[in-house]
Amino acid sequence: MTPKRKQSWLLLEWIGTIVFGLFPDTRFFNDKLSRVIFIFTNWFAIPDLKNPRHFNEKLMALKNSEEAYAPLRTRVTDKELVKDYVTELLGPGHVVPTLAILRTAAEVDTFAFPLPCVVKPTHSSQEVMIFRDRQPDAKQRGLLKYWLWKSYFAANREPNYSKLEKKLIVEEVIGGGLGVVEDVKVLCFNGKPKMIQVDYGRYDDHRRDYFDLTGALLPVEMRKPAARLPFPFPDKLPRILDIAARLSAGFSFIRVDFYIAGEAILIGELTSFPTNCTVPFKPESADLTIARLFDEPDLEITPQLFAAANAGDAAARAIALKGAPAPAKGRLHEAGSGGV
């Protein structure tokens with residue numbers, strides 16, 4: 001079992017690995033190719049990195065900065081090495097147990113997978129297979145070998161992936177299989193948890209909600225439609241936020257990704273550049289508000305903050321439709337979202 005991904009994106013990823021792989025790993029080419037990826041995936045919108053205002057513009061500025069190349073970011077990006085980092089900070093019992101590491105195609109061909117198990121590339125993103133009661137067939141082993149070959153860095157130019165060893169990690173299946181809630185992710189700015197993302201139905205009808213630090217639902221969407229369900233783990237929220245704060249210390253931005261399995265709170269990974277800086281939050285007013293957290297990490301995120309920003313945008317559109325000059329968008333955004 002593996003999450004569904006569009007064939008068009010898989011083809012583009014393969015082409016990107018081949019074509020972008022021809023360009024050297026330098027700050028200049030990584031910056032330029034990142035812009036190409038952004039422009040192509042955002043219907044030819046040009047990112048403004050000199051005066052970034054949107055979330056992905058801020059994130060791209062970080063992606064092209066010295067911090068993106070820091071050894072610690074590289075270490076926590078590797079799905080095997082991040083477990084050691086988490087254990088050093090939190091102690092044992094906070095990561096999914098590792099069953100095996102596979103480094104060569106020959107190992108993939110001959111390895112007897114311990115069932116049930118989960119398999120992921122440690123040097124890539126979005127790929128996962130679950131084997132429950134039977135060994136992978138030839139086609140599945142072929143896909144695993146493709147994962148070993150493919151360079152996520154070449155296709156996406158996220159610097160933290162550049163030096164990663166290509167390998168597959170085999171893990172235990174947690175929680176007895178797939179639950180209704182699969183992932184809880186906390187967006188952290190300068191070591192401060194600010195927003196919580198919850199994903200449902202990753203293998204079927206994938207939906208996604210966002211919450212503030214109290215567990216209140218936020219009027220925000222990104223890539224997947226909202227489920228609009230209550231926060232599923234209110235009793236675990238203080239512990240989740242404490243762990244997120246400890247793991248995000250020292251990073252100007254990072255997303256801490258959790259698995260909740262019964263009473264266990266486990267760390268899946270630490271994500272530096274969600275969606276490779278290509279998918280905006282909706283509505284745009286929410287995207288602009290979230291972007292402020294890069295410079296204002298103490299900004300309190302609440303449903304009322306987004307409602308005020310949305311109302312400000314609606315007022316600007318109404319003025320424009322009547323033919324009157326609309327207020328400057330930046331100033332309107334400041335007023336509508338409560339200022340600093």
Side-chain angles (χ1 to χ4, degrees), residues 6 8-69 73 125-126 151-162 187 189 195 220-224 252-255 271-296 306 309-310 312-314 316-317 319-321 325-337:
K6 292 183 179 179
S8 58
W9 282 109
L10 292 173
L11 177 61
L12 287 172
E13 189 175 67
W14 178 79
I15 294 173
T17 299
I18 299 295
V19 176
F20 284 6
L22 300 174
F23 294 89
D25 176 12
T26 67
R27 291 280 294 274
F28 175 82
F29 281 109
N30 293 344
D31 174 50
K32 300 307 179 188
L33 292 174
S34 292
R35 292 171 188 259
V36 170
I37 294 168
F38 182 95
I39 292 168
F40 181 80
T41 55
N42 284 276
W43 297 96
F44 304 102
I46 307 297
D48 182 357
L49 301 187
K50 291 184 178 180
N51 182 33
R53 297 174 59 245
H54 290 83
F55 177 81
N56 284 317
E57 292 174 335
K58 296 278 191 179
L59 198 59
M60 274 194 69
L62 174 60
K63 179 183 174 183
N64 296 330
S65 73
E66 190 67 31
E67 184 186 337
Y69 291 79
R73 277 206 187 263
S125 178
Q126 298 187 58
S151 171
Y152 178 85
F153 165 74
N156 295 277
R157 293 292 162 150
E158 294 184 34
N160 46 312
Y161 283 91
S162 171
L187 284 69
F189 297 78
M195 290 175 55
V220 177
E221 293 187 17
M222 195 272 278
R223 178 175 272 179
K224 303 299 180 181
S252 61
F253 170 83
I254 204 156
R255 195 185 71 196
T271 300
S272 289
F273 307 106
T275 75
N276 193 23
C277 317
T278 61
V279 182
F281 289 96
K282 295 180 181 180
E284 184 183 15
S285 58
D287 190 271
L288 292 165
T289 299
I290 297 167
R292 291 174 58 191
L293 290 166
F294 284 93
D295 303 311
E296 306 171 52
F306 289 110
N310 292 345
D313 270 7
R317 287 192 294 270
I319 292 173
L321 287 173
K329 193 166 188 179
R331 294 183 59 83
L332 173 67
H333 172 62
E334 290 181 3
S337 56

S.K.: With rounding to the nearest 0.5 angstrom, report the CD to CG distance, Glu221 to Asp287.
M.R.: 13.0 Å
S.K.: Could you pull out the closest heavy-atom pair between Pro47 and Phe38, with the gap in Å?
M.R.: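 Looks like CD-CD2, 3.4 Å.
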S.K.: Which residues satisfy the side chain to side chain donor-acceptor pair (under 3.5 Å) test with Thr278, sequence neighbours excluded?
M.R.: none
S.K.: So do the side chains of Leu293 and Phe55 get within less than 4.5 Å of each other, counting heavy atoms only?
M.R.: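 No - every pair of side-chain heavy atoms lies 4.5 Å or more apart.
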S.K.: At what distance, to the nearest 0.5 angstrom, does CG of Asn64 lie from CZ of Phe28?
M.R.: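 The distance works out to 12.0 Å.
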S.K.: What is the minimum heavy-atom distance between Ile37 and Thr41, and which atoms define it?
M.R.: O-OG1, 2.8 Å
S.K.: Taking atom CZ of Phe281 and atom CG of Leu288, what is their separation to the nearest 0.5 Å?
M.R.: 12.0 Å
S.K.: If you take the centroid of each ring, where Trp contributes its six-membered ring, are Phe20 and Phe29 closer together than 6.0 Å?
M.R.: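 Centroid distance Phe29-Phe20: not below 6.0 Å, so no.
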S.K.: Using the rule given for side-chain contact (heavy atoms from CB on, under 4.5 Å), can you reason through Ile290 versus Lys58, listing the C-alpha separation, both sets of side-chain angles and the distance that settles it, and then say yes or no?
M.R.: CA-CA 10 Å; Ile290 297 167; Lys58 296 278 191 179; over 6 Å; no
S.K.: How many angstroms lie between atom CG of Leu49 and atom CG of Leu62, to the nearest 0.5 angstrom?
M.R.: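 Between atom CG of Leu49 and atom CG of Leu62 there are 11.5 Å.
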S.K.: In terms of side-chain heavy atoms, does Ser252 have a donor or acceptor partner in Glu67 at a distance below 3.5 Å?
M.R.: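 The answer is yes; a qualifying pair exists.
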S.K.: Please round to the nearest 0.5 Å and tell me the distance separating atom CZ of Phe189 and atom CE of Met195.
M.R.: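 Output value for this atom pair is 7.5 Å.
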S.K.: Regarding Lys63 and Asn30, do their side chains bring together a donor and an acceptor under 3.5 Å, going by distance alone?
M.R.: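 Asn30 and Lys63 do not have a side-chain donor-acceptor pair below 3.5 Å.
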S.K.: Looking at side-chain heavy atoms only, is the closest gap between Phe253 and Pro274 below 4.5 Å?
M.R.: yes
S.K.: Can you list the steps and then say if His54 with Glu284 is a side-chain contact (heavy atoms from CB on, under 4.5 Å)?
M.R.: CA-CA 8 Å; His54 290 83; Glu284 184 183 15; 2.8 Å; yes
S.K.: Is any side-chain heavy atom of Ser272 closer than 4.5 Å to one of Leu59?
M.R.: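 When only atoms from C-beta onward are counted, Ser272 and Leu59 do not touch, as no gap falls below 4.5 Å.
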S.K.: Looking at every heavy atom in both Glu57 and Asp48, which two are closest together, and how far apart are they?
M.R.: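 Residues Glu57 and Asp48, closest heavy atoms: OE2-N, 2.9 Å.
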S.K.: Please find the pair of heavy atoms, one from Pro280 and one from Asn56, that lie closest to each other, and give the distance.
M.R.: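 Of all heavy-atom pairs spanning Pro280 and Asn56, the closest is N-ND2, 3.3 Å.
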S.K.: Check whether any side-chain heavy atom of Met60 lies under 4.5 Å from a side-chain heavy atom of Pro52, and answer yes or no.
M.R.: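 Counting from C-beta outward, Met60 and Pro52 never come under 4.5 Å.
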S.K.: Test of understanding: with ring-ring contact (aromatic ring centres under 6.0 Å, His included), list the residues that count as partners of Tyr69, not counting sequence neighbours.
M.R.: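 For Tyr69 there are no ring-ring contact (aromatic ring centres under 6.0 Å, His included) partners, ignoring immediate neighbours.
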S.K.: Quick one: pull up CG in Asn156 and OG in Ser151 and give me the separation to the nearest 0.5 Å.
M.R.: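 Those atoms lie 8.5 Å apart.
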S.K.: Does the pair Met222 and Thr275 meet the rule for a side-chain contact (heavy atoms from CB on, under 4.5 Å), with working shown?
M.R.: CA-CA 10 Å; Met222 195 272 278; Thr275 75; 4.0 Å; yes
S.K.: At their closest point, which heavy atom of Ala68 faces which heavy atom of Pro159, and how far apart are they?
M.R.: O-CB, 3.8 Å
S.K.: Apply side chain to side chain donor-acceptor pair (under 3.5 Å) to Arg35 and list each qualifying residue two or more places apart in sequence or on a separate chain.
M.R.: Asp31
S.K.: Cation-pi between Arg157 and Phe273: NZ/CZ under 6.0 Å from ring centre and within 45° of the ring axis?
M.R.: no
